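Data block below; observations after.
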Amino acid sequence: MNTYARQPVAFVRGQGAWLWDEAGKKYLDALAGIAVNTLGHNHPRLTRALSEQISRLIHSSNLFQVPLQEQAADRVAAITGLDEVFFCNSGLEANEAAIKVARKYGHERGIAEPAIIVMENAFHGRSLATLSATGSRKVQAGFEPLVQGFVRVPLNDAEAVRQVAGHNRNVAAVFVEPIQGEGGINLARLEYLRELKEICDRNEWLFMSDEVQCGLGRTGQWFVYQHAGFLPDVVPLAKGLGSGVPVGACIVGGRARGVLKPGNHGSTFGGNPLAMTAVCTTIDTVRDEGLLASAARVGAAVRDGLAAALRGVDGVVEVRGRGLMIGIQLDRPCGELVRAALEAGLVINVTAESVIRLLPALILSDAEGRELIERLVPVVRAFLASPAQARAAAAGR
Ligand code: PLP
């Protein structure tokens, strides 16, 4: 189906933070498959572990014991601080599981029609339930009727949540993306997250943190809620969890522990030995190579470097982010920058129309961070200074 607007480039090989196209041209990858390739491309430890597992066993099904699934679950429980793990294959599936947990939790508390508080501009996926939870009309349009049971509030507005708590007895959970990725690298304030958690505790709601894009070490901690200093009840993960091998997980603890029981949920592919090898190796390698500290250090240097290089440039509104999750907000639509960056040997993304999004692999070195700035800044400057942009800016004034 014609569901993607693709760039006219095909990558055929990768090494570390670098990609090569069919013609042999080399690119610095500042996107990592949209926050997927945690360890970069062709990481020797991951490649070896996957190759060995492929020749041993790829899949056996959840009708039998899967020791590697238990090993992966132990690791995921350890880094999240939570207790129970359900493995699936993608972010939307992890979020579907989270939504089911919230509904079942609500029913167990005697709520006939449980509701979940969700945020404006959030992105949770493209299945019917997750697109209904998503705060974007563009994602929802054409797929009505939406799944019911979501109450939407603005991000970073704890008072709006308190008001819902005051009049809606059906709420069972709050679902928040603590750094909105697709929505434009919008950061939930840490103080706001702590307030939200307090409201959840007071009302016995579940706190559900969608860390599909921002989690797994990208921000310098394994998860954003760890910056805020508390444990959520439900954490959906995917993207970076398998460093490129499709895998998702919904992890629960606290009030959500034990909510789903045998027969309540399942997935044919979920938790197969190949994907679990990717999970174990990704987590072990992030830990052994000190990639959390590296993501924090290189990310801060890239953000500061970009902010300094773009300060005062007409059209640049803000450089924001945490660790290696960085957005450059411009004052105008800038989708064409992706093509210009490719020409300059750099892979980036533009989201929410006017935000340049950078999500490089966690193995990005200090030198590659500087290279990223050196390649990106002239492209942004040239775009903003181009005659067409100058005309558009003048017309808008
Ligand atoms: N949640 C968040 C925060 C995401 O960024 C995404 C994908 O971009 C999803 C969920 C959906 O993940 P998937 O595309 O693997 O279904």
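Numbering of ligands and ligand atoms starts at 1, following listing order. Model, not experiment: these values are computed from the prediction.
- Residues satisfying the side chain to side chain donor-acceptor pair (under 3.5 Å) test with Q53, not counting sequence neighbours, are R56.
- Atoms of ligand 1 found under 4.0 Å from any heavy atom of N95, numbered from 1 in the order shown, are 1 (N), 10 (C).
- F123 O, 3.4 Å is the protein heavy atom nearest to atom 2 (C) of ligand 1.
- For ligand 1, the polar-atom distance check finds an N/O of L92 within less than 3.5 Å of one of the ligand's N/O atoms.
- At a heavy-atom distance under 4.0 Å, no atom of A238 approaches ligand 1.
- Using a 4.0 Å cut-off between charged nitrogen and carboxylate oxygen, R375 and E371 count as a salt-bridge pair.
- Between D201 and K197 there is a salt bridge, with a side-chain nitrogen of the basic residue lying less than 4.0 Å from a carboxylate oxygen of the acidic one.
- Comparing heavy-atom distances from atom 3 (C) of ligand 1 across R126, E182, E177, H124 singles out E177 as nearest.
- H59 and F269 have perpendicular rings, their planes meeting at more than 60° on a 0 to 90° scale where under 30° would count as parallel.
- Under 4.0 Å is where a charged nitrogen must lie from a carboxylate oxygen, and between E336 and R339 no such pair does.
- Less than 4.0 angstrom separates atom 13 (P) of ligand 1 from at least one non-hydrogen atom of the protein.
- A salt bridge does not link R202 to E195: none of the charged side-chain nitrogens sits closer than 4.0 Å to a carboxylate oxygen.
- Distances shorter than 4.0 angstrom do not occur between any heavy atom of E211 and any atom of ligand 1.
- Protein heavy atom in closest approach to atom 8 (O) of ligand 1: K239 CE, 3.2 Å.
- Regarding atom 1 (N) of ligand 1, its nearest protein heavy-atom neighbour is D210 OD2, 2.9 Å.
- Taking any N or O of G91, backbone or side chain, at least one lies under 3.5 Å from an N or O belonging to ligand 1.
- Inclusion of E93 in the set of residues having an N or O under 3.5 Å from an N or O of ligand 1 is not warranted.
- Atom 5 (O) of ligand 1 has as its closest protein heavy atom Q213 NE2, 2.7 Å.
- At a threshold of 4.0 Å, the pair K104-E108 counts as salt-bridged, since one of the basic side-chain nitrogens sits closer than that to a carboxylate oxygen.
- Remark: the backbone N or O of R152 is not paired with any side-chain donor or acceptor of E120 at under 3.5 angstrom.
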